[in-house]
Amino acid sequence: MNESTQAAVPAAEEKPAKKPIVFSGIQPTSGSFTLGNYLGAVKNWGKLQDDCNCAYCIVNQHAITVRQNPQELKKNTLSAYALMLACGVDPDKSIAFIQSHVKTHAELAWVLNCYTQFGELSRMTQFKDKSAKHADNINAGLFTYPSLMAADILLYQTNLVPVGNDQKQHLELARDIALRFNGLYGNTFTVPEAYIPQTAARIMSLADPSKKMSKSDENTNATVFVLDPPETIVKKFKRAITDSEAEVVYREGKDGINNLISIYSAVTGLTAEQIQQDFAGKGYGDFKQAVGEAVAEELRPVREKYEQLMKDKAYLEECYRGGADKALHFSQRTLDKVYKKIGFLPYK
Ligand code: ATP
Ligand code: LTN
């Protein structure tokens, strides 16, 4: 799989007749996204809209693989949808929808479950991590989570899937399922590729830079949320765990500083070398302050747009309904093809 696939989207002058199809999703497990979600995935979604045909989805069916409070899930789904638009997904350019509104996802997932091996699902590191974390609820949905994700992607004949590094293994499985199905029944699915950013593919926790920054971290200093107020963002960066040296350099063993350099680089567009030069002879305090302020500035318009969108529920409803209608239209074509190939008797 092509890991640094930034180059896979053709430049405008060499645009092929058909635009690549892009699909991605995010869970509404909290009403907000983390800085990791944003830099690793969602920020790229908006950027791809002009050169590709994009579909983006709030994956609430994936979210229930972990126990959810129904009222919270409902609230967080709308909030995540608004935030996805605030991060740059334009519902007039992309198909922006909520997974449970489009029935083809669960339908294809069932079929794909029958073409996915127990052994393959058992090897998924996300399953191992989540079952260790939720030992009292290791349900079948958690185990078959990757077949639903494969269905999401394959329904749209997707070429590119913009995700963070942690989703690479799931993507690999989606490709294997597509190849297997195509091998058995002839060409049915496009085989997708991951689109993983070169910087910020894996943002680490600010409290423990050996761990991925995650929505569900109990330590409130570990995770920066896109909707955190600017003062909170700066404060969290000031408290970020680094090392006992005082040199802003990207080097093995300096996980905390490496993480801050990656974040600063993703936000400012500066290379690690330029950052090292700019902060030569300065202490970590100055650097942390600069990173915090740059992130707060980057996220300010996102938060403002989100607040504005959340005041207009009627508009959000119109957007997600329109998105679901379009998503059903495209995905039904693939599902019909699949049902025909596997021998399901047509209804009419
Ligand atoms: P949770 O912590 O609840 O498991 P999550 O933060 O991993 O959730 P998801 O909804 O599973 O969030 O992921 C949405 C997208 O964000 C995916 O493409 C994923 O790869 C990306 N992503 C998540 N965390 C990071 C991170 N720390 N760095 C870069 N990308 C990330
Ligand atoms: N599994 C992903 C969320 C997800 C997704 C998708 C991402 C569900 N379906 C389809 C890309 C394409 C996650 O946990 N981050």
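No hydrogens, no waters, no symmetry mates; every other heavy atom, side chains included, goes into these values.
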* To do: Indicate yes or no: does Glu172 engage Arg123 in a salt bridge with an N to O separation below 4.0 Å.
  => no
* Please check if the side chain of Gln68 supplies one atom and the backbone of Ala63 the other of a donor-acceptor pair under 3.5 Å. => yes
* Structure fact -> Minimal heavy-atom distance between Ser79 and Tyr306, with the atoms involved, is OG-OH, 2.9 Å
* **Main-chain N/O of Leu142 paired with Asn139 side-chain donor or acceptor, under 3.5 Å** => yes
* Decide, yes or no, whether a salt bridge links Lys93 with Asp50 under the criterion of side-chain N to carboxylate O below 4.0 Å. => yes
* Asked: Which pairs with one or both residues in residues 238-266 pass ring pair (Phe, Tyr, Trp, His ring centres under 6.0 Å), sequence neighbours excluded?
  -> Tyr264-Phe279, Tyr264-Phe287
* Do Trp110 and Met149 share a hydrophobic cluster, counting only Ile, Leu, Val, Met, Phe, Trp and Tyr and linking them when any side-chain heavy atoms are less than 4.5 Å apart? -> no
* Asked: Which residues, ordered by chain and number, are linked to Val249 in its hydrophobic cluster, where ILVMFWY side chains connect at heavy-atom gaps below 4.5 Å, directly or through other members?
  -> none
* Joint cluster assignment, Met204 & Phe237, ILVMFWY side-chain distance < 4.5 Å -> no
* **Thr34 side chain to Phe225 backbone, donor-acceptor under 3.5 Å** => no
* Structure fact -> Only residue of Asn259, Asp243, Thr242 satisfying side chain to side chain donor-acceptor pair (under 3.5 Å) with Lys254 is Asp243
* Partner of Asp166 under side chain to side chain donor-acceptor pair (under 3.5 Å), chosen from Lys212, Arg202, Gln126 -> Lys212
* **Flag, side chain of Ser24 to backbone of Pro162, donor-acceptor distance under 3.5 Å** => yes
* Examine Leu328 and Val59 and state if one hydrophobic cluster contains both, with Ile, Leu, Val, Met, Phe, Trp and Tyr joined whenever side-chain heavy atoms are less than 4.5 Å apart. => no
* Asked: Can you tell me if Asp278 and Gln274 form a side-chain donor-acceptor pair at under 3.5 Å?
  -> no
* To do: Determine the minimum heavy-atom distance between Met124 and Pro146, stating which atoms define it.
  => CG-CG, 3.9 Å
* What pair of heavy atoms forms the shortest contact from Leu227 to Arg303, and how long is it? -> O-CD, 3.4 Å
* Spacing of CG belonging to Leu171 relative to CG belonging to Leu160, to within rounding of 0.5 Å -> 10.0 Å
* Results of salt bridge (Lys or Arg N to Asp or Glu O under 4.0 Å) for Glu317 - residues two or more places apart only -> Arg321
* Look only at the side chain of Asn258 and the backbone of Arg251, and say whether a donor-acceptor pair between them is shorter than 3.5 Å. => yes
* Structure fact -> The complete set of side chain to side chain donor-acceptor pair (under 3.5 Å) pairs with one or both residues in residues 229-239, sequence neighbours excluded, reads Asn221-Arg239, Asp228-Lys236, Lys238-Gln289
* With sequence neighbours excluded, give me every ring pair (Phe, Tyr, Trp, His ring centres under 6.0 Å) pair touching residues 60-94. => His62-Tyr145, Tyr81-Tyr320
* To do: Flag yes if Tyr185 and Val191 sit in one hydrophobic cluster, no otherwise; membership is Ile, Leu, Val, Met, Phe, Trp, Tyr, and two members link when side-chain heavy atoms are under 4.5 Å apart.
  => no
* **Any donor-acceptor pair under 3.5 Å from Gln49 side chain to Gly88 backbone** => yes
* If you measure only the distance, is there a donor-acceptor pair under 3.5 Å linking the side chains of Gln276 and Glu247? -> no
* Under 3.5 Å side-chain donor-acceptor pair for Ser216 and Ser214 -> yes
* Asked: Can you list the other members of the hydrophobic cluster that holds Leu73, where links are side-chain heavy atoms under 4.5 angstrom apart?
  -> Ile64
* Please answer: with hydrophobic residues joined when any side-chain heavy atoms are less than 4.5 Å apart, are Leu35 and Ile241 in the same cluster? => no
* To do: Keeping the roles fixed (side chain from Lys341, backbone from Asn187), state whether a donor-acceptor pair exists under 3.5 Å.
  => yes
* Would you find a donor on one side and an acceptor on the other, under 3.5 Å apart, between the side chain of Ser30 and the backbone of Ser32? -> yes
* Gln99 side chain to Asp152 side chain, donor-acceptor N/O pair below 3.5 angstrom -> yes
* Asked: Which of these, Leu85, Val22, Ile95, Ile26, sits in a side-chain contact (heavy atoms from CB on, under 4.5 Å) with Tyr56?
  -> Val22
* Report yes or no: does Ser331 contribute a side-chain atom to a donor-acceptor pair with the main-chain N or O of Leu155 at less than 3.5 Å? => no
* Examine the side chains of Gln332 and Lys103 and answer whether a donor and an acceptor come within less than 3.5 Å of each other. => yes
* Where Phe97 and Ala55 come nearest, the two heavy atoms and their spacing -> CE2-CB, 4.4 Å
* **Greater than 12 external heavy atoms within 6.0 Å of Lys74's NZ** => no
* Measure across Leu309 and Ala82 and return the closest heavy-atom pair with its distance rounded to 0.1 Å. => CD1-O, 3.4 Å
* **Asp255-Ser210 side chain donor-acceptor pair, cut-off 3.5 Å** => no
* Asked: Hey, are Ser147 and Tyr115 close enough side-chain-wise for a donor-acceptor pair under 3.5 Å?
  -> no
* To do: Mark yes or no for whether Asn182, through its side chain, and Thr188, through its backbone, hold a donor-acceptor pair below 3.5 Å.
  => yes
* To do: With ring-ring contact (aromatic ring centres under 6.0 Å, His included) as the test, would you mind laying out the steps for Tyr156 and His105 before giving the verdict?
  => CA-CA 10 Å; Tyr156 299 89; His105 289 247; 5.6 Å; yes
* Asked: Considering all heavy atoms of both residues, which atom of Pro192 and which atom of Leu154 are nearest to each other, and what is their separation?
  -> CD-CD2, 3.8 Å
